[in-house]
Engineer: 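Before I ask anything, let me first share the structure, which is written out below as structure tokens.
Sequential numbering from 1 along the given sequence is applied to the chain's residues.
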Amino acid sequence: MSNPQRRLFGTDGIRGVANRAPMDAATALRLGQAAGRFFNRGQHRHRVVIGKDTRLSGYMLEPALTAGFVGAGMDVVLVGPLPTPAIALLTRSLRADLGVMISASHNHYEDNGIKLFGPDGLKLSDGQESEIEALMGGDLSAALAAPSKLGRASRLEGAPGRYLEAVKASFPRGRSLEGLRIVVDCAHGAAYRVAPTVLWELGAEVVSVGVAPDGFNINDGCGSTAPGQLAALVRERRADLGIALDGDADRVVLVDETGAVVDGDQILATVAASWAGSGRLNGRCVVATVMSNLGLERFLEKKGLNLHRTKVGDRYVGEAMRELGSNLGGEQSGHLILSDYGTTGDGLVAALQVLAVLVEEGRPASEVLRRFEPLPQKLVNVRHAGGAPLEDERVVSALAAAEGELGSRGRVLIRASGTEPLIRVMVEAEERAMVEALTARLAEVIRSAAAAPARVPAE
């Protein structure tokens with residue numbers, strides 16, 4: 001069956017400016033009704049778990065979604081601010097039919113988003129999201145429960161403890177973090193309570209920042225997208241490692257003891273080498289996206305390991321991992337999926353796997369986490385006002401010319417963002433000068449194409 005056209009769902013659920021369509025209460029209500037109808041199958045009592053991060057608009061979207069699900073006959077379990085991976089875990093643990101996370105991840109407070117998980121704790125497929133979107137656009141009267149069949153809403157006070165224990169169980173049994181000083185930046189987001197607690201209970205001396213959310217300061221100059229403050233604090237406190245999470249804690253970047261930032265590619269390389277050495281890496285295969293550095297690919301090849309690339313988005317990484325039987329995958333941005341421990345990206349679990357390597361090897365993070373020399377890489381975002389600039393013949397021609405110039409010495413990737421009206425231009429090559437020149441040239445062609453009527457190549 002062909003999927004209806006998707007207008008609401010992007011690469012990671014629905015996202016937009018808070019209190020403006022589609023991220024308003026009316027849309028959230030209809031989403032609850034439509035998703036409730038879609039997952040309301042069988043005669044059992046249906047249940048949905050709803051979590052959120054710390055944005056002010058969560059207070060608007062959470063009750064709207066609750067009303068939609070209750071009206072569709074589903075019981076709602078509210079767990080409050082918790083990381084996205086916690087919602088995926090609780091959906092399975094509580095035998096719920098659906099999990100919902102209210103978050104716009106690394107975006108600032110003005111935005112918000114809604115991510116959906118199926119009963120298996122996995123993000124919904126494109127097809128499932130398309131079907132729910134089609135229901136939202138139709139008559140939802142059939143989705144409404146009779147007065148006697150309405151759902152109920154309750155709050156699960158023990159939800160953080162369930163997640164805490166699951167995360168701690170991912171750390172090697174018999175090991176501890178005693179003797180390590182760790183700075184953790186929780187971005188004033190969903191992990192502001194659980195992340196410092198996990199690290200402390202495992203034995204570390206913990207310095208916490210980004211743990212005073214006020215509804216507005218999430219990701220504001222802190223967290224995984226702005227690790228400068230963390231790097232300075234790591235040096236100042238002479239810490240062994242810095243951990244920077246994003247607003248919903250499904251991604252992580254690290255800072256070594258010198259203050260150098262470590263991205264998802266280096267984390268993947270570190271965990272892959274460790275797991276391969278102990279025979280834990282399934283299929284000797286790592287899954288990453290087209291954005292991962294060519295240096296990672298070459299490093300894995302030297303280790304006799306395979307790198308499988310996917311489209312951008314941790315959901316696509318997860319799908320490929322399941323198809324290939326791999327238990328390790330992720331994105332350069334810091335979304336790391338370790339399927340032995342969870343179904344979606346988990347920044348805290350990924351950080352613990354790196355800490356396990358530090359404890360085992362007894363070497364500083366600057367040595368352990370510098371697994372390869374990345375090729376020079378540059379990413380430029382070109383904003384546009386709609387249309388299809390990537391189909392313009394000028395862009396097609398410029399891309400072909402750039403690929404011919406690079407040959408086997410690098411890569412070029414041009415793609416449309418799934419969450420914003422942006423064209424992302426990424427160039428990677430062995431020479432920095434070539435990266436700069438090609439990025440500037442391609443970005444200018446796209447700007448020109450976006451500002452003028454498209455010229456599509458003739459068939």
Engineer: Per the side chain to side chain donor-acceptor pair (under 3.5 Å) rule, which among Asp126, Thr310, Thr344, Asp12 passes with Arg315?
Structural biologist: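 Looking at Asp126, Thr310, Thr344, Asp12, the match for Arg315 under the side chain to side chain donor-acceptor pair (under 3.5 Å) is Asp126.
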Engineer: Could you tell me whether Lys123 sits above the aromatic face of Tyr316, with NZ or CZ closer than 6.0 angstrom to the six-membered ring centre and within 45 degrees of the axis?
Structural biologist: no
Engineer: Taking only Lys NZ, Arg NE, NH1 and NH2, and the carboxylate oxygens of Asp or Glu, determine whether Arg15 and Asp111 approach each other closer than 4.0 Å.
Structural biologist: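 No, this pair does not count.
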Engineer: List in chain and number order the residues that pass side chain to side chain donor-acceptor pair (under 3.5 Å) with Gln229, two or more places apart in sequence or in another chain; answer none if no residue qualifies.
Structural biologist: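 Gln229 satisfies side chain to side chain donor-acceptor pair (under 3.5 Å) with no other residue.
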Engineer: Does the side chain of Ser448 come under 3.5 Å of the side chain of Arg394 through a donor N or O and an acceptor N or O?
Structural biologist: no
Engineer: Answer yes or no: is there an ion pair linking Asp314 with Arg251, defined by an N-O contact shorter than 4.0 Å?
Structural biologist: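 Looking at Asp314 and Arg251, the cut-off is not met.
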Engineer: Run through Leu65, Leu8, Leu61 and flag the one making a side-chain contact (heavy atoms from CB on, under 4.5 Å) with Leu31.
Structural biologist: Leu65
Engineer: Under 3.5 Å, is there a donor on one side chain and an acceptor on the other for Asp250 and His335?
Structural biologist: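 Yes, because at least one side-chain N or O of Asp250 sits under 3.5 Å from a partner of the opposite role on His335.
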Engineer: Go through the side-chain N and O atoms of Asp346 and Tyr163 and say whether any donor and acceptor fall under 3.5 Å apart.
Structural biologist: yes
Engineer: What do you reckon, is CZ of Arg41 surrounded by more than 12 foreign heavy atoms closer than 6.0 Å?
Structural biologist: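 Atom CZ in Arg41 is crowded, with more than 12 foreign heavy atoms closer than 6.0 Å.
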Engineer: A side-chain contact here means heavy atoms from C-beta on lying under 4.5 Å apart; do Ile243 and Leu199 qualify?
Structural biologist: yes
Engineer: Indicate yes or no for a side-chain donor-acceptor contact from Thr289 to the backbone of Glu331 under 3.5 Å, with no hydrogens or angles considered.
Structural biologist: no
Engineer: Name all pairs fulfilling the side-chain hydrogen bond (donor to acceptor under 3.5 Å, both in side chains) condition that reach into residues 143-152, sequence neighbours left out, sorted by first residue then second.
Structural biologist: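 As it turns out, there is no side-chain hydrogen bond (donor to acceptor under 3.5 Å, both in side chains) pair with a partner in residues 143-152 once direct neighbours are skipped.
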Engineer: Side chains of Phe117 and Thr84: closer than 4.5 Å at any heavy-atom pair?
Structural biologist: yes
Engineer: To the nearest 0.5 Å, how far apart are SG in Cys285 and CG in Leu300?
Structural biologist: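 Those atoms lie 9.0 Å apart.
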Engineer: Report the residues that fulfil side chain to side chain donor-acceptor pair (under 3.5 Å) with Ser141, sequence neighbours left out, ordered by chain and then residue number.
Structural biologist: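 In terms of side chain to side chain donor-acceptor pair (under 3.5 Å), with neighbours along the sequence ignored, Ser141 is linked to Asp139.
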Engineer: Are the side chains of Thr270 and Ser274 in touch, meaning some heavy atoms are under 4.5 Å apart?
Structural biologist: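 Not touching, per the 4.5 Å side-chain cut-off.
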Engineer: Side-chain donor-acceptor pair under 3.5 Å between Glu428 and Asn293, yes or no?
Structural biologist: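 The answer is yes; a qualifying pair exists.
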Engineer: Between Arg322 and Asp120, does any side-chain N to carboxylate O distance fall below 4.0 Å?
Structural biologist: no
